[in-house]
Amino acid sequence: MTTCDRYEGRYFFDFARAMTASEAWCTRDDLVALLGQTVGARAARGLIDAAAARCGVVGARLAYPQAEAILVDLSRSPGLVGITAQLAKSRLRMEAVRRRLGAVVSGS
């Protein structure tokens, strides 16, 4: 089975397999855009840089597990930052599904 497989006419996404991917998947700027609408771009940049340092993530290009680790770290924050990070993590997962479905459909 691939990360996104078709089963009885439905697509299923295996997040465990996607999370092991090591290729560059998004950038820190993409995460800033997800959080910046709520907390502001400058604050989002600082929050993401601090979370990346806590998670041991270096570089601007991120693999899916790195991006998710940053958002999981931020989702533990109290208040608006934590809630916004949880929503951003959901958007990140939806984007992962969209990309995989696009690859499956175009590869069929």
Side-chain angles (χ1 to χ4, degrees):
M1 290 180 79
T2 63
T3 305
C4 184
D5 288 307
R6 194 175 179 142
Y7 177 75
E8 294 181 7
R10 297 187 182 102
Y11 286 100
F12 293 94
F13 189 77
D14 183 353
F15 282 105
R17 205 171 291 168
M19 291 172 70
T20 62
S22 60
E23 68 273 359
W25 198 82
C26 68
T27 65
R28 287 190 191 203
D29 290 338
D30 295 329
L31 298 184
V32 168
L34 287 173
L35 295 176
Q37 297 171 359
T38 305
V39 299
R42 180 178 284 178
R45 171 72 59 195
L47 290 166
I48 289 167
D49 288 345
R54 286 191 298 272
C55 294
V57 175
V58 294
R61 298 192 55 78
L62 307 170
Y64 182 87
Q66 294 172 319
E68 186 173 53
I70 291 169
L71 293 176
V72 166
D73 181 80
L74 288 174
S75 70
R76 295 182 183 128
S77 302
L80 187 61
V81 171
I83 293 168
T84 303
Q86 289 174 12
L87 292 172
K89 188 175 72 166
S90 295
R91 287 183 178 174
L92 185 76
R93 284 187 165 200
M94 288 185 337
E95 177 62 18
V97 170
R98 188 188 68 74
R99 288 183 188 187
R100 290 300 295 163
L101 286 176
V104 168
V105 171
S106 65
S108 322

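Not measured: the values here are computed from a predicted model.
Looking at Gln66, its side chain does come within 3.5 Å of a backbone N or O of Ala63 through a donor-acceptor pair.
For the side-chain hydrogen bond (donor to acceptor under 3.5 Å, both in side chains) test, residues two or more places apart in sequence or in another chain that qualify with Glu95 are Arg98, Arg99. For Thr27, the side-chain hydrogen bond (donor to acceptor under 3.5 Å, both in side chains) partners two or more places apart in sequence, or in a different chain, are Asp30. Annotation: side-chain contact (heavy atoms from CB on, under 4.5 Å) contacts of Leu47 (sequence neighbours excluded): Val39, Leu74, Val81. In this structure, the salt bridge (Lys or Arg N to Asp or Glu O under 4.0 Å) partners of Asp73, at least two apart in sequence or on a different chain, are Arg54. Considering only residues two or more places apart in sequence or on other chains, Thr38 meets the side-chain contact (heavy atoms from CB on, under 4.5 Å) condition with Leu80, Thr84.
Counting all heavy atoms, side chain and backbone alike, Cys26 lies closest to Ala67 at SG-CB, 3.7 Å. The two atoms that bring Arg28 and Ala52 nearest to each other are NH2-CB, 3.5 Å, heavy atoms only. Pairing each heavy atom of Cys55 with each of Ala69, the nearest pair is SG-O, 3.6 Å.
Sorted pairs that involve residues 81-91 and meet salt bridge (charged side-chain N to carboxylate O under 4.0 Å, His left out), not counting sequence neighbours, are lacking altogether.
Between atom OG of residue Ser75 and atom CD1 of residue Ile70 there is a gap of 12.0 Å, rounded to the nearest 0.5 Å. A distance of 10.5 Å separates CZ in Arg61 from CG in Asp29, rounded to the nearest 0.5 Å.
If you chain together ILVMFWY residues whose side-chain heavy atoms come under 4.5 Å of each other, Leu87 ends up grouped with Ile83.
Leu62 is listed as a side-chain neighbour of Leu31, based on a closest heavy-atom distance under 4.5 Å. Counting heavy atoms from C-beta outward, Arg93 and Val97 have side chains that stay 4.5 Å or more apart.
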>> Test side-chain contact (heavy atoms from CB on, under 4.5 Å) on Leu35 and Arg45; report intermediate values, then the result.
In response: CA-CA 9 Å; Leu35 295 176; Arg45 171 72 59 195; over 6 Å; no

